[in-house]
2 protein chains.
Amino acid sequence: MENRLDLVFAALSDPTRRAILTMLLEDDMAVTDVAEPFEMSLAAISKHLTILTRAGLITQEKRGRVKWCKLDPSALREASVWMQGFGQFEPVNLDAFERFLEEELREDPN
Amino acid sequence: MENRLDLVFAALSDPTRRAILTMLLEDDMAVTDVAEPFEMSLAAISKHLTILTRAGLITQEKRGRVKWCKLDPSALREASVWMQGFGQFEPVNLDAFERFLEEELREDPN
DNA sequence: CCAATCGTCAACCAATCGGTTGAATAACGC
DNA sequence: GCGTTATTCAACCGATTGGTTGACGATTGG
């Protein structure tokens with residue numbers, strides 16, 4: 001009964017999870033390394049990662065004892081298309097995005 | 001402490017609220033008329049509308065005893081910009097959006 | 001004036017969320 | 001083999017969510 005879009009937007013509504021996605025934009029990461037900058041338990045981050053996985057925003061692959069997290073932007077497409085239909089926004093302004101990211105990274109990640 | 005983006009994405013994560021936004025895409029509506037197609041109480045819809053208002057996705061203006069709800073896509077911009085940065089998506093495909101909307105409208109609104 | 005309409009408020013409920021801790025499982029390196 | 005590292009699981013917690021119902025305040029039309 002639950003829509004894919006429900007999962008994607010719910011996953012994006014948490015700042016910790018958005019920060020994780022931003023980190024993964026740089027590079028794939030192991031769970032422990034994802035957790036490092038946050039002031040919360042590894043278990044909590046592990047939960048966030050399964051939420052992101054269920055939403056299809058990341059994929060996780062286990063190699064040895066390390067589980068690698070990789071951004072999967074395909075799930076964002078659907079949501080992005082949905083949103084854009086409302087705004088008749090001008091073509092994507094990547095500069096604005098860069099500025100936004102900087103601002104968000106400047107904030108306390110908790 | 002709560003980010004605007006938190007509110008926007010949380011508001012969008014509920015299918016009832018997305019359906020309301022889609023309805024408002026057609027035209028401004030009174031609260032009672034918004035509630036009509038849904039199988040839930042007026043009070044519940046009223047709550048959904050305040051959540052959408054707090055997120056900045058709609059505005060509400062009271063004229064007489066009728067409160068008019070109006071789509072306000074500006075809040076979507078920020079979120080849309082955020083999302084697009086992840087995907088390097090091709091230019092907005094409005095056809096895809098139309099198809100998506102049709103599909104969503106075809107579903108049982110509850 | 002008065003009944004009906006529009007919408008919110010308040011109290012309540014079960015379910016989910018975001019976090020914790022401690023134990024468990026699995027793979028590594030020496 | 002054994003301690004160490006990587007990650008999840010399970011139980012628990014308080015707060016929030018999405019819904020209900022019933023009462024309420026405001027505005028309307030006849």
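Rounding to whole angstrom units, CD of residue B/Glu36 and P of C/dC6 are separated by 12 Å. Summarising the geometry, the separation between CZ on B/Arg63 and C1' on D/dA26 is reported as 17 Å, rounded to the nearest angstrom. Atom CD1 in A/Ile45 sits about 15 Å away from atom P in D/dA6, given to the nearest Å. Note: CD (B/Glu61) to C1' (C/dG7) measures 16 Å, nearest angstrom. Put simply, NZ on A/Lys47 is 11 Å from P on D/dC9, counting in whole angstrom units. Nucleotide D/dT8 holds its C1' atom 12 Å from the CZ atom of A/Arg54, rounded to whole Å. Here the P atom of nucleotide C/dC17 and the CG atom of A/Asp14 are 11 Å apart, to the nearest Å. The CE atom of B/Met40 sits 10 Å away from the P atom of D/dG18 (whole-angstrom rounding).
Side-chain contact between B/Arg17 and A/Phe9 is absent, with no heavy atoms from C-beta onward closer than 4.5 Å.
A donor-acceptor contact shorter than 3.5 Å is absent between the side chain of B/Ser80 and the backbone of B/Arg77. A donor-acceptor pair under 3.5 Å is absent between the side-chain atoms of A/Ser46 and the main chain of A/Leu42, judged by distance alone.
Contact annotation: A/His48 reaches the phosphate of C/dG19 (side-chain N/O to OP1 or OP2, under 4.0 Å). The side chain of A/Lys67 places an N or O atom within less than 4.0 Å of a non-bridging phosphate oxygen (OP1 or OP2) of D/dT8. An OP1 or OP2 oxygen of D/dT7 is reached within less than 4.0 angstrom by no side-chain nitrogen or oxygen of A/Ser46. Side-chain N/O atoms of B/Ser41 include none lying less than 4.0 angstrom from OP1 or OP2 on D/dG19. For C/dG29, the OP1/OP2 oxygens have no side-chain nitrogen or oxygen of A/Arg65 closer than 4.0 Å.
Considering only the side chain of A/Arg17, C/dG18 comes nearest among C/dG19, C/dG18, D/dT7. Listed nucleotides: D/dT7, C/dT8, C/dC6. Nearest to the side chain of A/Ala30: D/dT7.
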Q: Please assess A/Ile45 against A/Thr16 for the test side chain to side chain contact (heavy atoms under 4.5 Å, CB included), listing each intermediate value before the final yes or no.
A: CA-CA 9 Å; A/Ile45 296 294; A/Thr16 300; 4.3 Å; yes
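Mapping A/Lys62 and B/Val31 onto DNA chain C by nearest heavy atom places B/Val31 at the nucleotide closer to the 5' end. Each of A/Leu42 and B/Leu42 was matched to the nucleotide of DNA chain D holding its nearest heavy atom; the match closer to the 5' end belongs to A/Leu42.
With B/Leu57 as the partner, the side chain to side chain contact (heavy atoms under 4.5 Å, CB included) test is satisfied by one option alone out of B/Asp72, B/Ile20, B/Leu24, B/Leu76: B/Leu76.
In this structure C/dA26 sits in a base pair with D/dT5, meeting the Watson-Crick or G-U test at under 3.5 Å.
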